[in-house]
Every structure is written in structure tokens, then in C-alpha cells.
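Sharing a structure with you now.
Everything numeric here is computed off the predicted structure, so don't read it as measured data. Quick note on labels: first sequence line is chain A, next is B, and so on, each numbered from 1. Atoms considered below: every heavy atom in the structure, side chains included; atoms not considered: hydrogens, waters and symmetry mates.
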Amino acid sequence: MTLTNREIARIFDNIADMLEIKGEIVHRVLSYRRAAEAIRETPQDLQTLAAEGQLQTIPGIGKTLAEKIEELLERGTVDLYERLKAEIPLGVLDILHISGVGPKRAKRLWQELGITSIEQLEEAAKAGKLRAMSGMGAKSEQRILEGIEALRRQQTGRTPLGIAYPLAQEILEYLLELDEAKFGSVAGSIRRARPTIGDIDLLIASDDPDPIMERFVTMSNVAQVLDHGPSKSSVQLHNGMQVDLRVLPEARWGTALHHFTGSQAHNIHIRELFLKRGLSLNEFSLTRVESGEEILCATEEEVFSHLGMPYIPPEIREDWGEIEAALEGRLPKLITLEDIHADLHMHTTWSDGTLSIEQMAQAAYERGRKFIVICDHSYSLGVANGLTVERLMAQQEEIRRVDAKMNGKIRVFHGTEMEINADGTLDFPDEVLEKLDFVVASLHMSLRQPREQITARLLNAINNPHVDLIGHPRGQLIPNREPADLDMDAVFEAAKASGIALEINANPHRLDLEAQYARRAVEMGIPLAINTDAHRASEMDLLFYGVMTARRGWVEAPSVLNTWPLERFLEWTHQRGR
DNA sequence: GCCGTTTTCGGCCCGACTGTTTTCAGTCG
């Protein structure tokens, strides 16, 4: 059983933590952390890359780490890790996750008090044993206990974007009600549209921060105030989420928003470029290193312009090549919400939706869609009241009737979201599929099959000439269900060969394909579709999550079926054998 | 441990808040 990318990343993170506790130089530690992060973001399997000798093409992976990855793939572990584990109990690493405990304290707690678990630490803190250590007092003890509580409130590590984003907007709007607050923005990973969010970052422009900070730390949903200063405050909410608020003067907005949007890797790269030009960048300004002269930037555009760059959209600020692209004038023209005028995957009461065909058509029309495809489930998905062939054909009559009734305001087409069964078979035979306007095929069941089996299932659907689109290809549910163990390289190769499209499912619980896979699909010339998979009218409003995900994947409008004029869309489905 | 339009060796982004340190270390983002 070879290790997955995620498991290898986790081992590198553990190695980084242990090296840090040992007091290893910080840059060696950071190398492991950066490598772990890069591995998590890599859409290809490390195994494949290793076989091709391509591991060092991953940024942050050099000769040494490439060898360690190869050893991990072969043996399941690596000498360094084994030696470190023999030296430092793994429980000490758990303690590191407590807010207020870093490597230095974790090491002293372990070595001076023999504490190797969160439970032991809690017991010692409650017994007042921590204050015996130099540099630790009663307040530190209390803070650690609060940190343990905070960790327990935080049940799952990261929060889905679909929960964090509306919450962040709500808090921001509440704070902006104050006259002292001129304007504000959500920043951090929400602004970059990461599918899951660690904490909420908010930024407000003001010359008088105190009342804003006061309103922030006294919000009714605050469980605990973590920091409370004039420029930065942090709280933890009752739901476990941490929210950071920064307040800065309007004249410094550009540098501030850029700084707090990140990513950290992007910021570091940008700052290095500035340093080479004799400029130091922080959240307040640019500073000429020699003269100390300050240059204020009120907009992000100004920040980039001082490097001779165009504006880089936040969704692609991950140091995945956007800085080089900006310098060379080849930034993508990212797709926008306005580019989309069709939705090719939605449900009705015929299967598990809540509205009739006509109601969904009307709701889509009200949201400016020019055409939609009704794709209800097929019969093998019994829990969703999937359609038999007979009901499917009856549905077609109803769809034709509604399409006629809409009188050209919006076109309504007939499709299916056909089940790809556990044995790889499809629910409808070719002669049925031929009668439909559009065919989506999706995996819902037996998602934990071994890689070869589940990949073969999906390839069977991809290779069927009547299937136009694979719905939510990897089958993940954010935050709790991992994607299926698919050989994505094989999936992309097959999709390329068959000319099929792949979906970016806009529902924030799915966001599937994720950005890095969407980017790879586009690079290979595979068309995409961004669909809401709506089961009710309100879910049509989640389309922007799909668009943000696409933007993260450097996707441009021409690659996306939903941006095409109707004639071109119909032509494309025709060419696919209809 | 990575990496190279100043470098294959010697660098590696930058600042806020807290607590207990009488001048700063630790932690965090």
C-alpha cells in the first residue's frame, strides 16, 4: 500500500514540527512545511512523478526531499522520520496545535514536566503546575487552558468556504455600520476562494480603530477574545471559527489588502522581488531600503504596478506561477460570473429536487440564464427517487411542454444525471441516451473502491460516446468525505481522447473538480462545465463558488461550456453523436 | 533544505500582541 500525496505531506509536516522542537534552523523546518504544502496542491500522484523522475519539478522539492519521497513511496517511511519519532513522542506534536503553545514551550513542557499529551497538559495546568516554569505565570496557564478549550470547540480543522464566506460577509457588514469604518473587505483564504478556510480575515479602512475593535470583540457570537489591540484583534466564535480583524488607514489600503489576502507564499515571493529593487514591502507601505522613504499604495493595483506588473486576481495568488506570468504579460483572462448564461445540471421533483420543471425554469430565467438542462437522477440511485426509462420518457414530454411554454425566454433541455454503477455499468442503454439532449454521468455509490476498480468505472463512462459530461468527478464532500481514489492522470487522458467535458460542481460542499485539477484539464484541452447541481431555486445562487473555483484554476471563459452561445453548445453535443 | 538577471555558498518576508523578561522571547499569521 503506497502512501498518498496527503499522507506524505502529513509526514513532512510532522518532521517539520519535530525538527522545530529540536531547535533546528528555521529555514530547514520551513523547507519541509513548504514541501508539504506543495505536495497537497499537486494534482498528479507523487508515485507517477517519481516514476517519471519529475519530483523536482514541484516547487520546493530539491534533491534531498525528492529522495525522501522516493524512500517513502518504496518503504512507507524514511530514516529521518523514524529517528525523530524515537526521540520525540508524537503526543508532543498534538500539544503544538494548542493556541499559545509553540515549539519552545512544547519542548519544555515535555522535558521539564514530562507532558506528552493534551490531557496531561490540561491536568497540569489545572493543578497550577505550569507556573513553576520560568517565563510562565498564572496568565500563561489560563491561556493554555483556554487554548485547549478552543481546540475542542473547533471540531473539524477547516471550515467549508460555503459556511465561512457568508459568515465573514455578515460580520463585515455589521462592523461597517459604524461611521468610523470607511469601507472594508474580506481577505485571506476566503478572498482567494480556497475550498476550506482556517480562519476568517477581515480588513477595514479607518482612522479611528478603537470603536471598531470594541464592536468586534463584543459581538454576541464571540466565545473568547484572543487578541485585542489597536490594529489587530482576534476572536474565536462559539462555532469554533477564529476571526482576525485588522484596521488600517485608507491611504495604506492597497498594501494592507494585498498583505492580508496572501497567500503567504505569494507574499514572500513578491517581497523578494521588491527587495531586489531596493524596496521593502509590509502591510503599511513600500519603503526604499536606502533612504527610508515611504511609498503609500491606496490600491492593490499600485502595489503590483511598482513591480511593473498588472493586477493579479486574488484567486490565483498562490505562487503557482502567477507572478512569472504577470511579469511576462501572460496572465490569464479569468472567467467571471457574468460570462455564464447556462446551467447544465439541475434537479426537479421528478427525482430529489424540491421544485417542478417549470418552477426551476422560471427561477433560472429570473437569474438571467439563457438555457438550462434538467438532469434528474437515474433509477439506481433509489434514495434520490431516480428515474426509470419510462419515467424518463414521460419527463421528456413535460420538458418539451415547459420549453414551449417559456416561449424563448429561456430554453429548457432534457438530460439525465446517470448513475455509474458499482460494477461500471450505466443505467440507460444507448438507444435511450440518444433521445436526450445532454447526458451527465456521475459516481455516487461505492466511492471507496480500490483505485483500479473505481478508475475503470469512471473510464467506462468517459468512453461512452453518448456521455457528454462527468458530474462532480472526484466525489468529495467538503469537509468530511475524501475524494475517491481515482487515477486522475488516466481520467484526464481518457477525457482528452473522448472529447468529453468535466464538471466544476459549484455547490460549496463539492467544488469538484478542485482548482488544481481544473487547471490541468484546461491545460490538456479538456472542456469544463460549471454547474450548480441545484435541487432548489436558492442553490442556483451558489454559482459564484464554482466560478471562483474555476478562477483559482486559471480557467478562461472559452474553456467553459456554460459560456458558449446556444448554437455552439448544440453543435458540440451534436458532434458528440447526437 | 531550497535556490540562483548580483550567489553553487550564503542568503532565506515582516510585523502585532501577550506576558513577565526590566529590554524581550514566544507565538501567530
Item to check | Side-chain donor-acceptor contact under 3.5 Å, A/Ser189 with A/Arg194 | outcome: no
Next on the checklist: Pick the closest DNA chain B nucleotide for A/Pro230 and for A/Met136 by heavy atoms, then say which residue is nearer the 5' end.
Outcome noted: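 Residue closer to the 5' terminus by nearest nucleotide: A/Pro230.
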Next on the checklist: Can you identify which nucleotide, out of B/dG1, B/dG19, B/dC14, has its nearest atom closest to the A/Lys139 side chain?
Outcome noted: B/dG19
Next on the checklist: For a quick test of reading the model: is some side-chain N or O of A/Arg271 closer than 4.0 Å to OP1 or OP2 of B/dC13?
Outcome noted: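 No, A/Arg271 has no side-chain N/O under 4.0 Å of OP1/OP2 on B/dC13.
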Next on the checklist: Using a 6.0 Å cut-off, check whether atom CD of A/Gln264 has over 12 heavy atoms from anything other than its own residue.
Outcome noted: no
Next on the checklist: Can you measure A/Gln56 atom CD to B/dG4 atom C1' for me and round it to whole angstrom units?
Outcome noted: 15 Å
Item to check | Whole angstrom value for the distance that separates P of B/dC12 from CD1 of A/Ile268 | outcome: 12 Å
Checklist outcome for this item: Separation of B/dC13 atom P from A/Asp319 atom CG, nearest Å, is 12 Å
Checklist outcome for this item: Atom CD of A/Gln142 and atom P of B/dT18 are separated, to the nearest Å, by 15 Å
Item to check | Presence of A/Lys63 side-chain N/O under 4.0 Å of B/dC3 phosphate oxygens OP1/OP2 | outcome: no
Checklist entry - DNA chain B: A/Asn282 or A/Ala138, which has the more 5' nearest nucleotide? => result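 Result of the comparison: A/Asn282.
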Next on the checklist: If you compare every side-chain N and O of A/Ser140 against the phosphate oxygens of B/dT20 (OP1, OP2), does one of them come in below 4.0 Å?
Outcome noted: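 Indeed, a polar side-chain atom of A/Ser140 lies that close.
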Checklist entry - Rounded to the nearest Å, what distance is computed from the OH atom of residue A/Tyr32 to the C1' atom of nucleotide B/dC12? => result 17 Å
Checklist entry - Can you name the one residue among A/Phe284, A/Phe260, A/Phe183 that meets ring-ring contact (aromatic ring centres under 6.0 Å, His included) with A/Trp253? => result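 The ring-ring contact (aromatic ring centres under 6.0 Å, His included) with A/Trp253 is passed solely by A/Phe183 among A/Phe284, A/Phe260, A/Phe183.
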Checklist entry - Hey, is the main chain of A/Arg192 close enough, under 3.5 Å, to the side chain of A/Arg317 for a donor-acceptor pair? => result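 No, A/Arg317 side chain to A/Arg192 backbone: no donor-acceptor pair under 3.5 Å.
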Checklist entry - Is A/Lys68 touching bases, backbone alone, or none of the nucleic acid, heavy atoms closer than 4.0 Å? => result sugar-phosphate
Checklist entry - What is the distance from atom CD of A/Gln242 to atom CD of A/Gln224, rounded to the nearest 0.5 Å? => result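 CD of A/Gln224 is found 9.5 Å from CD of A/Gln242.
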Where do N or O atoms of nucleotides 22-29 of chain B meet protein N or O atoms at under 3.5 Å, pair by pair?
from: B/dT27; atom 1: OP1; to: A/Gly102; atom 2: N; distance (Å): 2.8
from: B/dT27; atom 1: OP1; to: A/Gly102; atom 2: O; distance (Å): 3.3
from: B/dT27; atom 1: OP1; to: A/Arg105; atom 2: N; distance (Å): 2.9
from: B/dT27; atom 1: OP2; to: A/Lys104; atom 2: N; distance (Å): 3.2
from: B/dT27; atom 1: O5'; to: A/Gly102; atom 2: N; distance (Å): 3.3
from: B/dC28; atom 1: OP1; to: A/Ile98; atom 2: O; distance (Å): 3.3
from: B/dC28; atom 1: OP1; to: A/Gly100; atom 2: N; distance (Å): 2.7
from: B/dC28; atom 1: OP2; to: A/Val101; atom 2: O; distance (Å): 3.4

Checklist entry - So what does A/Phe260 touch, heavy atoms closer than 4.0 Å: a base, only the sugar-phosphate, or nothing? => result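 Since no nucleic acid heavy atom lies under 4.0 Å of A/Phe260, the category is nothing.
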Item to check | Gap in Å between the two C1' atoms, one belonging to B/dT27 and one to B/dT20, rounded | outcome: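 Their C1' atoms lie roughly 15 Å apart.
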Item to check | Under the salt bridge (charged side-chain N to carboxylate O under 4.0 Å, His left out) test, residues paired with A/Lys232 that sit two or more places apart | outcome: A/Asp227
Checklist entry - Expressed in angstrom and rounded to an integer, what is the separation of A/Leu273 atom CG from B/dT5 atom P? => result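 My rounded result for the distance is 11 Å.
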Next on the checklist: If the condition is ring-ring contact (aromatic ring centres under 6.0 Å, His included), which residues does A/Tyr174 pass it with, not counting sequence neighbours?
Outcome noted: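 If we apply the ring-ring contact (aromatic ring centres under 6.0 Å, His included) test to A/Tyr174, skipping adjacent residues, there are no hits.
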Next on the checklist: Any base atoms under 4.0 Å from A/His269, or only sugar-phosphate, or nothing? Heavy atoms, all strands.
Outcome noted: nothing
Checklist entry - Considering only the C1' atoms, how many Å lie between B/dG19 and B/dC9, rounded to the nearest integer? => result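 So the two C1' atoms sit 40 Å from each other.
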Next on the checklist: So, OP1 or OP2 of B/dC17: does either fall under 4.0 Å of a side-chain N or O from A/Ser234?
Outcome noted: no
Next on the checklist: Measuring only the C1' atom in each nucleotide, how far is B/dT22 from B/dG29? A whole number of Å is fine.
Outcome noted: 28 Å
Checklist entry - Atom NE2 of A/His27 to atom C1' of B/dC14: distance rounded to whole Å? => result 12 Å
Next on the checklist: Counting the atoms with a prime plus P, OP1 and OP2 as sugar-phosphate, which does A/Ile270 contact under 4.0 Å by heavy atoms, base, sugar-phosphate, or nothing?
Outcome noted: nothing
Checklist entry - Say you pick atom P in B/dT7 and the same atom in B/dC12; how far apart are they, in whole Å? => result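 B/dT7 and B/dC12 have their P atoms separated by 15 Å.
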Checklist entry - Between A/Ile144 (CD1) and B/dT20 (C1'), how many Å, whole number? => result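 Distance check: A/Ile144 CD1 to B/dT20 C1' gives 14 Å.
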Next on the checklist: Using the P atom as the point on both nucleotides, what is the distance between B/dG1 and B/dT5, in whole Å?
Outcome noted: 23 Å
Item to check | Same-atom distance (C1') from B/dG11 to B/dT6, integer angstrom | outcome: 12 Å
Next on the checklist: Using a heavy-atom cut-off of 4.0 Å across all strands, would you classify A/Asn267 as base, sugar-phosphate, or nothing?
Outcome noted: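 No contact at all - A/Asn267 keeps every heavy atom at 4.0 Å or more from the nucleic acid.
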Checklist entry - Considering every strand shown, what is the Watson-Crick or G-U wobble mate of B/dC17 when both distances are under 3.5 Å? => result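 Result: B/dG26.
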Checklist entry - With distance as the sole criterion, is a donor-acceptor pair present between the side chains of A/Glu82 and A/Thr77 under 3.5 Å? => result yes
Item to check | Rounded distance in Å between the P positions of B/dG26 and B/dT21 | outcome: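 13 Å, rounded to whole Å.
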Checklist entry - Got a second to check how far A/Leu19's CG is from A/Ser31's OG, nearest 0.5 Å? => result 10.0 Å
